[in-house]
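All values reported here derive from a predicted model rather than from experimental measurement.
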Amino acid sequence: MSCFSGLTGASKRATGTQDRGSGRQRLYENITETVGNTPCVKINEKMCPAGRTIYAKLEYFNPCSSVKDRLACAIIEAAEKEGKLKPGDTVVEATSGNTGIAVSMLCAQRGYKCVICMAEPFSVERRKLMRFMGAKVIITPKAGKGTGMVAKAKELSQKHGWFLCSQFENEANAAFHKFTTGPEILADFEGQRLDYFVLGYGTGGTFAGAGAAIKAERPDVKIVLGEPEAAPLLKSGTKSERNADGSAIGSHPAFAAHPIQGWTPDFIPQIVEKGLEAVGYDEYIGIPGAGSIETSQMLAKTQGIFTGISGGASMWAAIEIAKKAPEGSVILAMIADTGERYLTTPLFESIQADMNEEELVISKSTPSFQLG
């Protein structure tokens with residue numbers, strides 16, 4: 001059963017809260033069928049520069065709360081169709097977390113065993129979520145970076161005969177975005193202005209796939225591709241050296257540690273490289289880690305949009321583009337995941353569990369039920 005069942009056009013475009021109570025007008029056979037069709041939500045004037053409009057495509061509406069649910073559907077479905085997976089098999093993959101969570105979901109639903117390799121620095125809650133869904137999580141040393149966890153997954157696959165997802169090279173990844181994410185955006189903006197599509201890259205699937213679909217139908221839409229200022233791999237102009245299977249041989253010389261988990265590993269994924277050749281981008285923007293964190297916090301406090309550091313990075317880039325874009329411009333930013341993946345990261349460093357002075361004053365303003 002396909003995770004994506006196609007777009008269904010409505011006879012009349014709903015606005016406001018008109019479609020509350022209408023339901024989805026269908027029933028689902030399993031959780032994977034709910035992947036996709038995420039909403040595009042307008043950013044208000046507290047963050048959006050005057051005279052411009054910014055929308056956020058909220059990928060945390062997917063069942064496991066990230067854009068990587070699409071990737072997991074793409075790779076597992078394709079493997080099943082090609083006869084590479086059979087009941088009882090084990091799936092292995094290297095991930096910063098969101099892909100692992102999504103693959104864990106697919107494996108749980110399909111009945112496959114799941115082994116995830118993840119580098120030591122990524123947030124602890126991601127490990128727990130994967131284990132909660134039945135996956136085995138293998139932690140690789142910090143010094144090995146992304147290439148280390150990828151090498152470990154490949155080694156385990158070869159040793160045990162497990163199916164390796166190869167998310168950074170697997171063409172099913174970009175193809176799924178070409179036939180789901182891109183068409184969703186085109187459908188939502190049908191008859192509406194759209195000038196910029198802003199996103200970063202992890203595996204490159206969204207950029208290469210959705211970017212191709214959007215450019216094919218609306219070539220005037222400008223693709224803005226961002227990466228961390230601290231790790232300007234694309235900006236450097238240096239390509240990653242590759243093995244015969246397309247995987248990177250080693251760490252990219254322009255890489256440095258950055259806080260935007262899920263973006264820009266220590267190599268340029270093959271999918272990104274192919275996307276640059278086939279689709280390209282119109283503007284490049286380097287994104288500061290501190291600005292990403294601050295923007296994520298602002299999204300929560302001014303928009304009620306709860307996203308992680310990568311979501312803050314995309315929105316930071318969208319706001320910077322809006323500042324210099326012609327008046328009336330409409331910008332769409334990809335928001336990859338939920339903020340709940342970041343509770344033990346710098347995103348929540350300033351958030352305390354205990355009451356602060358202001359909260360204590362409020363508590364003491366009435367006599368009952370005060371903590372000692």
With a 3.5 Å distance limit and no angle check, can you tell me whether [X] reaches the backbone of [Y] through a side-chain donor-acceptor pair?
X	Y	result
H160	T90	no
T38	E59	no
H258	W263	yes

| task | Would you sort out whether M334 and T181 count as a side chain to side chain contact (heavy atoms under 4.5 Å, CB included), showing the intermediate values? | result | CA-CA 10 Å; M334 286 294 293; T181 317; 4.1 Å; yes
| query | Side chains of N170 and S166: is there a donor and an acceptor less than 3.5 Å apart? | reply |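 No, no side-chain donor-acceptor pair sits under 3.5 Å.
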| Hydrophobic clusters join Ile, Leu, Val, Met, Phe, Trp and Tyr when side-chain heavy atoms are under 4.5 Å apart, directly or via other members; which others share one with I249? |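 Listed partners: none, I249 stands alone.
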| query | Transitive ILVMFWY cluster of L164 at side-chain heavy atoms under 4.5 Å: who else is in it? | reply |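 When side chains under 4.5 Å apart are linked, the cluster holding L164 also contains V92, V115, I138, L156, W162.
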| task | Go through the steps for K68 and E93 under the test salt bridge (Lys or Arg N to Asp or Glu O under 4.0 Å), then give the verdict. | result | CA-CA 13 Å; K68 299 301 185 182; E93 182 56 326; over 6 Å; no
In the structure I gave you, are the side-chain heavy atoms of [X] and [Y] within less than 4.5 Å of one another anywhere?
X	Y	result
K154	N243	yes
Y55	V330	yes
Q261	I309	no
V35	T180	no
F306	T338	yes
V103	I75	no
E169	D245	no
V198	I54	no

| Please, which pairs that meet ring pair (Phe, Tyr, Trp, His ring centres under 6.0 Å) have at least one residue in residues 104-142, sequence neighbours excluded? |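 Every pair satisfying ring pair (Phe, Tyr, Trp, His ring centres under 6.0 Å) with a residue in residues 104-142: there are none.
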| Can you list every ring pair (Phe, Tyr, Trp, His ring centres under 6.0 Å) pair that touches residues 269-288, not counting sequence neighbours? |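 Passing the test, one end in residues 269-288: no pairs.
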| Is it true that atom CD of Q109 has more than 12 heavy atoms of other residues, nucleotides or ligands lying nearer than 6.0 Å? |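 Yes, the 6.0 Å shell around CD holds more than 12 heavy atoms from other groups.
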| Tell me, which pairs form a side-chain hydrogen bond (donor to acceptor under 3.5 Å, both in side chains) where one or both residues lie in residues 344-361, sequence neighbours left out? |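 Of all non-adjacent pairs touching residues 344-361, those that pass side-chain hydrogen bond (donor to acceptor under 3.5 Å, both in side chains) are E125-T344.
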| said: Applying side-chain hydrogen bond (donor to acceptor under 3.5 Å, both in side chains) as the test, list every pair that has at least one member in residues 291-318; sequence neighbours left out. | reply: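 Matches after skipping sequence neighbours: N44-Q303.
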Would you be so kind as to tabulate the donor-acceptor pairs closer than 3.5 Å made by side chains of residues 365-372, with sequence neighbours excluded?
{"residue": "S365", "atom": "OG", "partner": "I362", "partner atom": "O", "Å": "2.5"}
{"residue": "Q370", "atom": "NE2", "partner": "T366", "partner atom": "O", "Å": "2.8"}

Counterpart residues, side-chain contact (heavy atoms from CB on, under 4.5 Å), relative to [X] (two or more places apart):
X	result
D266	K145, T147, S251, F255
K324	E283, I321
P121	A119, K142

Nearest heavy-atom neighbours spanning [X] and [Y]:
X	Y	result
R127	E120	NH2-O, 3.1 Å
T34	P63	OG1-CG, 3.4 Å
R126	N98	NH1-N, 3.9 Å
M315	I335	CE-CD1, 4.2 Å
S66	R341	CB-NH1, 4.0 Å
G308	D337	N-OD1, 3.5 Å

Pairs of donor and acceptor atoms involving the side chains of residues 187-194, under 3.5 Å and at least two apart or interchain, shall be tabulated with distances.
{"residue": "R193", "atom": "NE", "partner": "D195", "partner atom": "OD1", "Å": "3.3"}
{"residue": "R193", "atom": "NE", "partner": "D195", "partner atom": "OD2", "Å": "2.7"}
{"residue": "R193", "atom": "NE", "partner": "G328", "partner atom": "O", "Å": "3.4"}
{"residue": "R193", "atom": "NH1", "partner": "G328", "partner atom": "O", "Å": "3.3"}

| Electrostatic pair R24:E33 at N-O distance under 4.0 angstrom |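 No salt bridge links R24 with E33.
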| request: Start with the C-alpha gap between E277 and K274, add the side-chain angles, then the distance that decides, and say whether salt bridge (Lys or Arg N to Asp or Glu O under 4.0 Å) holds. | output: CA-CA 5 Å; E277 295 170 358; K274 289 183 176 181; over 6 Å; no
| field | Partner of L233 under side-chain contact (heavy atoms from CB on, under 4.5 Å), chosen from V272, I268, T238 | value |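 For L233, the side-chain contact (heavy atoms from CB on, under 4.5 Å) check succeeds only for I268.
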Using a 3.5 Å cut-off and no angle test, enumerate the donor-acceptor pairs between side-chain atoms of residues 199-217 and protein atoms at least two apart in sequence or in another chain.
{"residue": "Y201", "atom": "OH", "partner": "E227", "partner atom": "OE1", "Å": "2.7"}
{"residue": "T203", "atom": "OG1", "partner": "N173", "partner atom": "ND2", "Å": "2.9"}
{"residue": "T203", "atom": "OG1", "partner": "G205", "partner atom": "N", "Å": "3.2"}
{"residue": "T206", "atom": "OG1", "partner": "H177", "partner atom": "NE2", "Å": "3.4"}
{"residue": "K215", "atom": "NZ", "partner": "P219", "partner atom": "O", "Å": "3.3"}
{"residue": "K215", "atom": "NZ", "partner": "V221", "partner atom": "O", "Å": "2.8"}
{"residue": "K215", "atom": "NZ", "partner": "D282", "partner atom": "OD2", "Å": "2.9"}

| request: Test side chain to side chain contact (heavy atoms under 4.5 Å, CB included) on L85 and R110 and set out the steps. | output: CA-CA 10 Å; L85 274 175; R110 296 291 213 267; over 6 Å; no
| request: Report whether M130 and Y60 are members of the same hydrophobic cluster (ILVMFWY, side-chain heavy atoms less than 4.5 Å apart, transitive linking). | output: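 The answer is no; the residues belong to distinct hydrophobic clusters.
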| request: Consider only side-chain heavy atoms of I, L, V, M, F, W and Y, link residues closer than 4.5 Å, and tell whether Y196 and L186 are in one cluster. | output: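 As far as the 4.5 Å side-chain criterion goes, L186 and Y196 are not connected within one cluster.
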| field | side chain to side chain contact (heavy atoms under 4.5 Å, CB included) between M133 and C114, intermediate numbers included | value | CA-CA 9 Å; M133 286 189 284; C114 183; over 6 Å; no
| said: If you apply the rule side chain to side chain contact (heavy atoms under 4.5 Å, CB included), what do you find for L332 with I185, and how did you get there? | reply: CA-CA 9 Å; L332 174 64; I185 292 167; 3.6 Å; yes
